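Below is one structure, written out as structure tokens; the observations come after it.
What you see is a predicted model; the values in this text were computed from it and never measured.
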Amino acid sequence: MHSSLSRWVLAALFGLCVGWAGTSPALADDAATADGDGAADAAEECGGSREATGRSPSSRADSGRTRTRCVKPEIDWPRPAVLVDDEQLAIDALKAGAVQLAVSQGIHGAGLGLEICALAGCRRERQWASAAVAGSVVGFGTVLLATGVRLDPRLSLAMRYGNVWGTASAYLLFGATSRFYDESSGASGNRKALIGAMMAGQIGGLLLGNLAWRGLRFDEADADAAFGAAMWASGLAGLLAAPISGGTADIRVVHGAVFAVGQLGLIGGYALSRHAHLSRRRVWLIQLGGLLGGATGTAIPFLLSDVNGGEAAFYSAAGGALAGMILVAALTRRMDGPPIAVDLGFRPAPGGAVATVGGRWR
């Protein structure tokens with residue numbers, strides 16, 4: 001009796017000791033460390049692609065052992081492309097403005113090199129080719145070095161337009177004030193003066209375009225409208241005045257008139273764009289209408305008569321260009337406004353279907 005009771009007491013004391021050992025913090029840390037070491041060993045056995053799951057409480061056969069299972073390694077998939085923010089777009093626009101001006105000045109530099117070669121009296125082909133290549137490299141490189149491949153696209157456009165318009169204005173002004181077309185003076189005698197005037201116009205146009213943009217801060221649409229209006233105004237004036245330019249004095253008057261009308265067109269186009277808030281696409285569509293109208297007007301006299309159209313072709317071309325621009329301007333008057341609401345309908349019908357489109361013409 002006493003022996004059996006003492007056995008039960010010893011068993012109870014042993015159970016209490018085991019329970020105390022399981023709840024002791026120090027022993028628990030030792031057990032966790034042991035389990036962690038076992039999991040690390042198991043992970044090494046799996047080649048780094050397995051993870052330890054600890055002891056399995058549901059299986060007696062696995063008691064005292066650490067179970068591991070292999071898991072698929074996480075794949076580092078490439079991230080989708082991030083949309084370019086406004087700052088990146090601005091940087092790209094600055095780069096594009098600098099490159100566009102560099103390319104245009106590369107072409108301008110080639111022409112300038114040929115002009116300098118003409119003033120220097122070049123006679124060999126190698127001299128002409130060397131002057132053109134050197135001028136192109138200097139013009140292209142100077143822009144990139146001066147701008148650091150960062151230039152406002154509006155300033156770039158203003159300088160490019162100023163370069164072209166300065167060249168045309170210099171030629172017209174020289175023809176109106178000199179005796180270049182006077183047969184008695186000889187064209188060869190004033191050839192160098194003409195080249196010098198055009199060089200001054202090219203460089204002066206660049207500077208004026210720069211100063212104009214810095215003072216007015218216009219956008220690309222304003223520059224397109226001003227330059228386009230200047231070119232169209234001078235071109236229409238030339239078409240209307242060409243049939244009456246018979247003598248030397250008339251030629252000088254024509255050059256002066258075309259020059260004056262072109263400058264008025266430059267100012268008027270800029271003022272119209274600022275007042276009407278024209279967009280670039282509408283400006284270019286209006287100019288495209290002028291080209292189509294001018295081509296149609298040029299062809300009409302030749303289609304209606306069997307002989308050469310003569311002077312009628314000049315007037316018809318000018319009238320067609322003007323009518324084409326006015327027509328396109330009227331058709332696109334609401335282009336820059338809010339979008340037009342369009343109603344689309346579709347319903348079945350015997351033997352097919354009926355589709356309807358509805359809207360409001362502005």
Check: M325 and Q287 side chains under 4.5 Å, non-hydrogen atoms = no

request  = Please examine the side chains of R154 and D222, heavy atoms only from C-beta on, and report whether any two atoms are closer than 4.5 Å.
outcome  = no

query = Closest heavy-atom contact between G113 and A131?
reply = O-CB, 3.5 Å

key: Student check: side-chain heavy atoms of L194 and R191 closer than 4.5 Å   = no

task = Name all residues meeting the ring pair (Phe, Tyr, Trp, His ring centres under 6.0 Å) criterion together with H255; count only those two or more places apart in sequence or in a different chain, and write none if there are none.
result = Y171, Y181

message = In the structure I gave you, are the side-chain heavy atoms of T167 and H108 within less than 4.5 Å of one another anywhere?
response = no

task = Of all the heavy-atom pairs spanning D224 and W284, show the shortest one and how long it is.
result = OD2-NE1, 3.3 Å

inquiry  = Which Ile, Leu, Val, Met, Phe, Trp or Tyr residues join L114 in one cluster when any pair of side-chain heavy atoms under 4.5 Å counts as a link?
reply    = W128

Side-chain heavy atoms of S234 within contact of F259, under 4.5 Å = no

task = Determine, step by step, whether V138 and Q105 satisfy the side chain to side chain contact (heavy atoms under 4.5 Å, CB included) criterion, reporting the C-alpha distance in whole Å, the side-chain angles of both residues, the deciding distance to 0.1 Å, and the verdict.
result = CA-CA 9 Å; V138 170; Q105 290 312 297; over 6 Å; no

query = Would V283 end up clustered with L264 when hydrophobic side chains under 4.5 Å apart are linked, directly or stepwise?
reply = no

ask   = For L112, what are the other residues in its hydrophobic cluster, where any two members join if their side-chain heavy atoms are less than 4.5 angstrom apart?
value = I116, L119, I195, M199

ask   = Looking at side-chain heavy atoms only, is the closest gap between R252 and T177 below 4.5 Å?
value = no

message = Other members of the hydrophobic cluster containing V133, with the 4.5 Å side-chain heavy-atom rule, please.
response = V137

request  = Report yes or no: do L173 and I203 belong to one cluster of Ile/Leu/Val/Met/Phe/Trp/Tyr joined by side chain heavy-atom distances under 4.5 Å?
outcome  = no

request  = Check whether any side-chain heavy atom of L239 sits under 4.5 Å from a side-chain heavy atom of Y315, and report yes or no.
outcome  = no

request  = Examine L278 and L288 and state if one hydrophobic cluster contains both, with Ile, Leu, Val, Met, Phe, Trp and Tyr joined whenever side-chain heavy atoms are less than 4.5 Å apart.
outcome  = no

ask   = Is there a chain of hydrophobic side chains (I, L, V, M, F, W, Y, each step under 4.5 Å between heavy atoms) that links I286 to M335?
value = yes

request  = Identify whether M198 and L208 are in the same connected component of the hydrophobic contact network (ILVMFWY, side-chain heavy atoms under 4.5 Å).
outcome  = no

message = Can you list, by chain and residue number, the hydrophobic cluster partners of Y270 when the side-chain cut-off is 4.5 Å?
response = L101, V143, L151, L155, M159, L206, W213, L216, F218

key: Contacts of type side-chain contact (heavy atoms from CB on, under 4.5 Å), residue A233, not counting sequence neighbours   = V261

